[in-house]
Amino acid sequence: MPELPEVETIVRGLVPRLEGAELGRARLLFPPLLRRSSGSGLAVLEGKRVLGVRRRGKMILISCEGGWTLVFHLKMTGQLLLAGPDVSVDKHTRLIIPLRGRGLELRFRDVRKFGFLCCLGPGTESSAPELDALGPEPLETGGAAFARRFRGRKGRIKGLLLDQRVVAGIGNIYADEILFRARIHPLTPAAALGDAMLGTLWRSVRSVLRGAIDRKGSTIRDFTDPDGEPGDFQSLHKVYGREGKACLACGTPIRRIRVGGRSTSFCPNCQREPRRRRSRH
DNA sequence: GCCACTGTTAGCAT
DNA sequence: CATGCTAACAGTGG
């Protein structure tokens, strides 16, 4: 499930123990994980130090000496874990990179194998399509710039929130929570939202994502931080996973529909149906 | 056993 | 360009 708040939680957990660490020899247990690499795979990393760990959208970027950058995407079930070498390695572990002198390993674990890793050489970071196509960071974008990404667009607002090219980092859970907070129906065409509502949407994006980061993310099934600790924002979800339960604002049963193939939960009273185009008669 | 469902997103058809 | 469906994979629950 890792969306922006979960990925941010992972990055914050990695920073103190990864930055400055020297990488050992990587063991790639599931080679298809490595989607893009310049030259000889991960061998180039051995002996290099980690200079920084940061997040871009839902991706984790680990920059190393020599201008090399590791880019992880966790997709549905990926995890980055810090474990002692004595901790058992299960069948879902896809990559192990020892951290020399720290008694720790960085491990990538991914039950469904959707996740990927890119190992980008010096100067190639901006040419990676995975990064290049991403929209702006929602927590670093002002209200006017945010509104501009949506204003006048014909697509449904939920679909646009999920589109990583429009804005980076929002996934299915937080899209529903954001729309509930903004009191916007998920099927509303973006073009039907005036600047006032786009402002409300922008503030909802920020408060929901910040609140979730404060709670260290949502654990629905298997999300954990690098130490294996779950988040607890799921206890504050207003609509996701609450189909049939009473809306916490008005008591109306939460409904679940499908929008663009994605399960979508909302309150039919708080989030009013967009005006349908009426056929003339 | 079978079927539906799951937090992502790339690719392809319409 | 927009929208909608499927696949990639594995596990869970009815």
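Below, read A as the first sequence line, B as the second, and so on, with proteins coming before strands; counting in each chain starts at 1. Please read these numbers as outputs of a predicted model, since none were measured by experiment.
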**Message:** One pair to check against side chain to side chain contact (heavy atoms under 4.5 Å, CB included): A:Leu106 and A:Leu82. What are the steps and the verdict?
**Reply:** CA-CA 5 Å; A:Leu106 177 68; A:Leu82 290 165; 4.2 Å; yes
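Between the CZ atom of A:Arg149 and the P atom of C:dC1 there is a distance of 14 Å, given to the nearest Å. As a whole-Å value, the separation of A:Leu161 CG from C:dA2 P is 15 Å. Residue A:Leu160 contributes atom CG, which lies 12 Å from atom C1' of C:dC1 at whole-angstrom precision. Rounded to an integer number of Å, the gap from A:Arg153 CZ to C:dC1 C1' is 9 Å. Rounding to whole angstrom units, CZ of residue A:Phe150 and C1' of C:dA2 are separated by 16 Å.
In terms of the ring-ring contact (aromatic ring centres under 6.0 Å, His included) criterion, residue partners of A:Phe72 (sequence neighbours excluded) are, by chain and number, A:Phe108.
Atom name P, nucleotides C:dC1 and B:dT8: the rounded distance is 24 Å, in whole Å. Spacing between B:dC3 and C:dT6 at atom P, rounded to whole Å, works out to 16 Å. The separation of B:dT6 from C:dT3, taken at their C1' atoms, amounts to 22 Å, rounded to a whole angstrom.
With respect to the salt-bridge test (charged N to carboxylate O, under 4.0 angstrom), the residues A:Glu46 and A:Arg100 qualify. In this structure, A:Glu8 pairs ionically with A:Arg12, as a charged nitrogen and a carboxylate oxygen lie closer than 4.0 Å. A salt bridge links A:Arg56 to A:Glu137: at least one charged side-chain nitrogen sits closer than 4.0 Å to a carboxylate oxygen.
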**Message:** Could you spell out the base pairing of DNA chain C as a dot-bracket line? Use Watson-Crick and G-U wobble contacts where both distances are under 3.5 Å, [ ] for crossing pairs, | for partners on a different strand.
**Reply:** .|||||||.|||||
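A:Asn269 approaches A:Cys250 most closely through the heavy-atom pair ND2-SG, 3.3 Å.
Ring geometry for A:His73 versus A:Phe116: interplanar angle of 30 to 60°, hence tilted. Under the 30°/60° scheme for interplanar angles, the aromatic rings of A:Phe146 and A:Phe150 are found to be tilted.
Phosphate proximity of C:dC9 to A:His92: absent, as no side-chain N or O sits under 4.0 Å from OP1 or OP2.
Its side chain within the 4.5 Å cluster rule, A:Ile254 clusters with A:Phe180, A:Val239 among the Ile, Leu, Val, Met, Phe, Trp and Tyr residues.
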**Request:** Classify every nucleotide of nucleotides 2-14 of chain B by which part a protein heavy atom approaches to under 4.0 Å, writing B for the base, S for the sugar-phosphate alone and - for neither, in 5'-to-3' order.
**Result:** ----BBBB-----
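For residues 13-46 of chain A, no residue pair satisfies the ring pair (Phe, Tyr, Trp, His ring centres under 6.0 Å) rule, not counting sequence neighbours.
Summarising the geometry, atom OG1 belonging to A:Thr264 is positioned 8.5 Å from atom CG belonging to A:Leu179; distances are rounded to the nearest 0.5 Å.
A heavy atom closer than 4.0 Å to some atom of DNA chain C occurs in no member of residues 204-216 of chain A.
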